[in-house]
Structure formats: C-alpha cells, structure tokens
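Everything on this sheet refers to the single structure shown next.
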Amino acid sequence: MRRGELVTFPTETVYGLAADAADPMAVGRVFEAKGRPRFNPLIAHVADLEAAQAIAHLDERALTLARAFWPGPLTLVAPLKNTTAVCDLARAGLETVALRVPGHPLARALLAQFGRPVVAPSANRSGRPSPTTYADAVEETGDKAGAGLDGGPCTVGLESTVVAVLDGPARLLRPGAVTRAQIEALIGPLAEAEADAKRSPGRMALHYAPDAPVRLNAAGPEAGEAYLAFGPSDDQAFNLSPTGNLAEAAANLFAMLRAADRTRPSAIAIAPIPPEGLGEAINDRLVRAAGHIG
Ligand code: TXA
Ligand code: MG
C-alpha cells in the first residue's frame with residue numbers, strides 16, 4: 001500500500017479493496033479496478049475515533065454514535081477538517097468525508113500498521129453484490145490487488161450503515177447492520193435521505209445485482225428459477241435462515257445470491273423478508289439488486 005498498490009482485506013461487513021487515502025494515484029486505481037464512477041465517493045477507514053476527529057468535524061451526535069458503535073459497522077459522513085488526509089478524488093470533490101472504524105481484527109491490524117487513513121470500497125466490481133468471502137473478493141477484483149488478506153467469511157455480510165451528520169437532522173444514507181432503531185434511540189429521529197440519492201450513489205438503481213434477474217416477495221420458485229427461502233421450508237437448495245433469523249440472513253445474503261447465480265437460473269426468486277430491524281437493510285439491498293429503485 002505504501003507503494004500505491006491495492007490490498008484485498010476483510011472487514012466485519014464485507015471484503016474491501018484498500019488503498020492509501022492520501023495518494024490520488026492509488027485511489028485512482030481503486031476506481032479503475034471497480035469500474036466505479038468517479039462521482040461516487042469512498043469511505044476512509046481509520047484506526048480509532050481520535051484519527052477520525054483529525055479528519056472531520058464530529059459534532060455531539062456524531063460523537064455519541066461513534067462512541068456507541070465504533071469499532072463496528074457504522075460510517076459517519078461529516079464536514080471535512082483536514083483536506084489532505086483523504087484526497088479529493090477519494091471524496092469525489094465533496095467538502096464532506098465518510099469515516100469508519102472497522103471491527104475486524106485483520107482490518108484493525110492493517111490500519112494500525114499502515115498508520116494512515118485507508119480508503120476501501122467493497123471489493124466487488126461496480127454494481128455487483130459485495131464479496132463476503134475471500135474467494136468472492138478475489139474473483140471480483142483480486143487481479144487488481146498487489147496483496148490480499150484472507151479473514152474468513154464476514155460475520156455481518158451487509159455493508160456498514162451510513163449516517164450523514166451535517167447541518168440539520170442526521171440522515172440515514174444507507175441502512176445497515178447498525179439499525180435505525182439503535183441510532184434513533186441515541187440521537188432521535190433520522191431524516192430520510194431520498195433527496196441525497198445522487199450524493200450517496202450506493203443508493204442508485206441496479207446495485208448489488210447478480211447476473212440473473214431478481215424477483216422479490218416470492219412464495220416459491222417458478223420453473224427455471226433458483227429460490228432463496230427464509231424461515232422453515234421443505235428442502236430448498238438455498239435458505240437465508242431456516243430459523244428466520246435476520247442476522248443470519250444478512251450474513252448469507254450476498255454469498256447465496258452468488259451461489260444461486262452460478263446455477264444459471266432464469267431468475268432468482270426471493271422469499272419475503274420482514275422489514276423490521278436488520279430487515280430494513282436486507283430489503284434495501286434486495287430492492288436494488290432487483291433494480292426497482294431509481
Ligand atoms: O461496510 C462498508 O462500508 C464497506 C467496507 C469495505 O468497509 N465499504 C463500502 O464502501 O461499502 P462502498 O464504497 O461500497 O460504499 C460507500 C458508500 C457509498 O454509498 C458512497 O456513496 C457513500 O458511502 N459515501 C462515501 N462518501 C460519502 C460522502 N461524503 N457523502 C455521502 N455519501 C458518501
Ligand atoms: Mg459497495
């Protein structure tokens with residue numbers, strides 16, 4: 001990474017493709033490797049809250065959330081303070097910056113040894129499901145990385161919750177493993193982020209998409225379809241959680257979408273997932289995988 005190369009590494013959410021956040025050449029390689037539009041900013045990963053505060057202005061609400069959920073699957077978007085630690089290209093020119101302190105021990109070791117902020121988008125090619133195993137990360141973008149760290153399967157399985165803490169009410173830009181209820185319990189009601197769709201392009205249409213079309217809220221498969229069940233179900237090939245556990249379904253979601261895709265089905269039909277708690281984040285990804293949101 002000090003030579004400007006990219007590194008595949010695990011976080012508790014999904015695998016990332018890491019680069020030196022201050023090096024525009026290295027950051028350019030990340031956009032290139034993913035085929036990612038340059039207007040979609042990256043998350044800077046840092047070792048701890050202190051490192052985050054050196055880069056951005058974290059107000060009382062941001063500090064409350066950081067103290068509660070870092071290290072862990074929460075990203076805070078806050079006003080920029082230090083303009084060089086995370087280069088312009090990484091921020092897509094914005095005067096705000098997305099920061100996260102990951103919890104995975106290998107991610108923490110990498111950040112501690114590197115000693116500077118690391119940008120890391122999910123290691124998938126742009127628009128595809130995020131990789132949740134080392135093998136899936138290597139299949140997506142491994143040929144573009146100079147090195148890789150295999151930390152086993154990701155325990156969370158969905159990308160971090162992104163919350164913007166700027167002027168006005170805090171906004172939920174991307175639902176994730178830290179749920180809306182957990183956040184609202186600490187800082188009060190979150191505003192909706194629809195007006196921000198363009199500024200947080202992780203919320204654009206046809207994201208997280210497998211090759212096969214995706215059919216949602218399906219009671220069962222039709223001929224030629226692969227089926228992802230949820231809850232008790234007689235011998236389905238894929239079941240996100242036989243016991244109906246949302247955390248288990250989140251951890252299995254992207255790997256099972258990939259596995260179902262490999263059977264070359266006419267479509268991937270997916271059982272209804274309850275919208276509560278972690279279900280908000282799961283349904284968010286499913287709706288985008290199906291291309292239903294603009
Ligand atoms: O769990 C995660 O967050 C993973 C792991 C590797 O840490 N990373 C990840 O990065 O999901 P990526 O690049 O796939 O998603 C970053 C999201 C995008 O939706 C992007 O638009 C948004 O964060 N984002 C980044 N900077 C932003 C900013 N300044 N304002 C608004 N949204 C921002
Ligand atoms: Mg991503």
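Positions are given from 1, in the same order as the sequence printed here. The structure displayed is predicted, hence computed values, not measured ones. Order of appearance sets the numbers: ligands from 1, and atoms from 1 within every ligand.
- A donor-acceptor pair shorter than 3.5 Å can be found between the side chains of Glu159 and Ser130.
- Residue contacts with ligand 1 for His45 involve side-chain atoms from C-beta outward but no N, CA, C or O (heavy atoms, distance under 4.0 Å).
- Near Ser122, meaning under 4.0 Å from one of its heavy atoms, ligand 1 places the atoms 8 (N), 9 (C), 10 (O), 12 (P), 14 (O).
- The closest side-chain donor-acceptor pair between Asn82 and Thr84 falls under 3.5 angstrom.
- For the ligand labelled ligand 1, residue Arg91 lies outside the 4.0 Å heavy-atom shell.
- Backbone and side-chain nitrogen or oxygen atoms of Asn40 are examined, and one is located within less than 3.5 angstrom of a nitrogen or oxygen of ligand 1.
- Close to ligand 1: Ala120, with a non-hydrogen atom less than 4.0 angstrom away.
- Of all the atoms in ligand 1, the ones that sit under 4.0 Å from a non-hydrogen atom of Gly16 are 6 (C).
- Applying the 4.0 Å criterion to heavy atoms of Leu173 picks out, from ligand 1, the atoms 31 (C), 32 (N).
- Polar contact check, Thr96 against ligand 1: a nitrogen or oxygen pair lies under 3.5 Å apart.
- Annotation for ligand 1: atoms under 4.0 Å from non-hydrogen atoms of Ala98 are 25 (C), 26 (N), 27 (C).
- Looking at Arg100 and Thr11, their side chains do bring a donor and an acceptor atom within 3.5 Å of each other.
- Heavy-atom contacts of Pro121 reach the following atoms of ligand 1: 10 (O), 12 (P), 13 (O) (cutoff under 4.0 Å).
- Electrostatic pairing of Glu139 and Arg262 counts as a salt bridge here, judged by a charged N lying under 4.0 Å from a carboxylate O.
- Salt-bridge check for Glu5 with Lys144: failed, with every basic side-chain N at 4.0 Å or more from each acidic carboxylate O.
- Using a 4.0 Å cut-off between charged side-chain N and carboxylate O, Glu140 and Lys34 make no salt bridge.
- Asp20 and Arg116 are joined by a salt bridge, as a carboxylate oxygen and a charged side-chain nitrogen come within less than 4.0 angstrom of each other.
- For ligand 1, the polar-atom distance check finds no N/O of Thr11 at less than 3.5 Å from any of the ligand's N/O atoms.
- Close approach to Ser160 involves these atoms of ligand 1, each under 4.0 Å from a residue heavy atom: 1 (O), 2 (C), 3 (O).
- Side chain to side chain, Ser160 and Thr75 meet the donor-acceptor criterion of an N or O pair below 3.5 Å.
- Among the backbone and side-chain atoms of Ser122, an N/O/S atom is found under 2.8 Å from the Mg ion (ligand 2).
- Side chain to side chain, Ser122 and Asn124 meet the donor-acceptor criterion of an N or O pair below 3.5 Å.
- Contact annotation: for Arg36 versus ligand 1, heavy atoms closer than 4.0 Å belong to the side chain alone.
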